[in-house]
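Lettering follows sequence order; numbering is per chain, from 1. These figures come from a predicted structure and were not determined experimentally.
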There are 2 protein chains.
Amino acid sequence: MSERTRRIPEATVARLPVYLRSLLGLAEDDKAATISSERLAELAGVNAAKVRKDLSYLGSYGTRGVGYDVEYLLFQMSRELGLTHDWPVVIVGVGNLGQALANYGGFTDRGFPIAALVDADPAKVGEMVHGIAVRHIDDLPAIADGAGIAIGIIATPAGAAQEVADRLVAAGITSILNFAPALVTVPAETSLRKVDLAVELQILSFYQQQRAGPRAGVTVARTS
Amino acid sequence: MSERTRRIPEATVARLPVYLRSLLGLAEDDKAATISSERLAELAGVNAAKVRKDLSYLGSYGTRGVGYDVEYLLFQMSRELGLTHDWPVVIVGVGNLGQALANYGGFTDRGFPIAALVDADPAKVGEMVHGIAVRHIDDLPAIADGAGIAIGIIATPAGAAQEVADRLVAAGITSILNFAPALVTVPAETSLRKVDLAVELQILSFYQQQRAGPRAGVTVARTS
DNA sequence: CTGTGCTTGTGAACGTGAACACGTGCGCCC
DNA sequence: GGGCGCACGTGTTCACGTTCACAAGCACAG
């Protein structure tokens, strides 16, 4: 791996947070200063070769015959992931899901404090959720700019998702996490990830169905 | 594709719900009886060849020169995904996230009604959430059995996740969706999917960081 | 200072999924 | 009833990610 090779595969990027989580969870009980790829693999639920290859993209931070220095690895991974500072986020849509996410402490704890809540419904503006006053979505540019927000979360109904995405982009937000069950498109220079909770369940349903025995109790007139 | 080829790739399975969603969203406005792979691809945000290949795994349900019959396709996809009937689910953990998920209508709407809520904390047992009384996790086997629940959702803190998973499996639940930020392992015959909201944000953070210019404002003593 | 053992780093093989291109077959028009 | 055009179905090619296997190299012991 030459000195400036910085093209980290997407699959690897998706695993780095898992390694990070594993290492953080480790610190408590067993304070070993060093960890082997094998052990880290076990903690993260992947295979050891993958761990080594993934970490090698960050640089040669391990010591042969010994393993990786836990503290140093944590530091390097945090730096690479951009987690050396907090990233304030704005949640758009203060319905059930939006409020849920706002109250869920998991974001703030891990470096993503909820800096603002916005909604399109004037009736909701001014409401306090999780100690934050809901503001109107028209103020988005000012809010994002003022608080230095780079990440937006879409928690609206499907119908509003695309328009909200457009407004987020217009407000200068360059990373979007979409919870609405709808396709949204953004400019190439904006990052977009989506989480559709119902889709996850439907995938489980498929395998469940599969196990229950193909075409149990279903009679279909197949021509061929 | 021979008659009984039923090995649907995982990547395809993950896209079927998206196609389904696209077709359902379509029904309203443009009631065309038929749809081309090209148009469906556009709606689902993928490419047309992929749509055709994915759908071909279900069987030859299209008509050359015409497209796919929307109604028939909906029926076949629903059948394949096991969505011809509802799948009641149990949510374990009635903290912020658990309550949030219970109140979020998105599950029930799409065929996954919340049939039960359980928690390990006796103080929470009896509470009403979303019109459902919280029960104790010790009752899980009886609850699952009584309501015919096959899918469980873990919405507990990370520390409890593995034990909850074990209990779900012991109660006869064979599909698990894990929201806790922890690795859980289950027997091979149990399906497991995980959603870690913070990990999604961390991935976004990586690309955000990347764009902001590598090592902006970070001074690291690199030896090599 | 040399040998030994252990774990990393990585080239190469492998497998899976994506993209392509075109043959195939159906409907429609004349 | 024949020909034409269109969109599906699919064999093939290609790219990506995973896995394997082993050489490289560090620490430590003697």
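Close to D:dT18, at under 4.0 Å from its OP1 or OP2, lies a side-chain N or O of A:R15. Applying the 4.0 Å criterion to OP1 and OP2 of C:dT8, one finds that A:S37 has a side-chain N or O inside that range. Note on B:R7: every side-chain N or O is 4.0 Å or more away from OP1 and OP2 of C:dT16. Note on A:Y68: a side-chain N or O is less than 4.0 Å away from OP1 or OP2 of C:dG9. OP1 and OP2 of C:dA18 both lie 4.0 Å or more from every side-chain N or O belonging to B:K53.
B:E189 and B:T174 share no donor-acceptor pair across their side chains, judged by distance under 3.5 Å alone.
Among the nucleotides C:dA21, C:dA18, D:dC20, the one closest to the side chain of B:A49 is C:dA21. Considering only the side chain of A:R64, C:dT7 comes nearest among C:dG25, D:dG17, C:dT7. Each of D:dA7, D:dC26, C:dG9 was ranked by its minimum atom distance to the side chain of A:S60; first place goes to C:dG9.
Heavy-atom distances to DNA chain D give each of B:G67 and A:T63 a nearest nucleotide, and the one nearer the 5′ end belongs to B:G67.
Separation of atoms CG (B:L197) and CZ (B:F179) is listed at 6.5 Å; rounding is to 0.5 Å. Separation of atoms CZ (B:R211) and OG1 (A:T190) is listed at 6.5 Å; rounding is to 0.5 Å.
No N or O donor and acceptor, one from the side chain of A:R52 and one from the base of C:dT8, sit under 3.5 Å apart.
Between the P atom of C:dA19 and the CG atom of B:D54 lies a distance of 11 Å, rounded to the nearest Å. A:L55 places its CG atom 11 Å from the C1' atom of C:dG9, with the value rounded to the nearest Å.
Surrounding CD of A:E38 are at most 12 heavy atoms belonging to other residues, nucleotides or ligands under 6.0 Å away.
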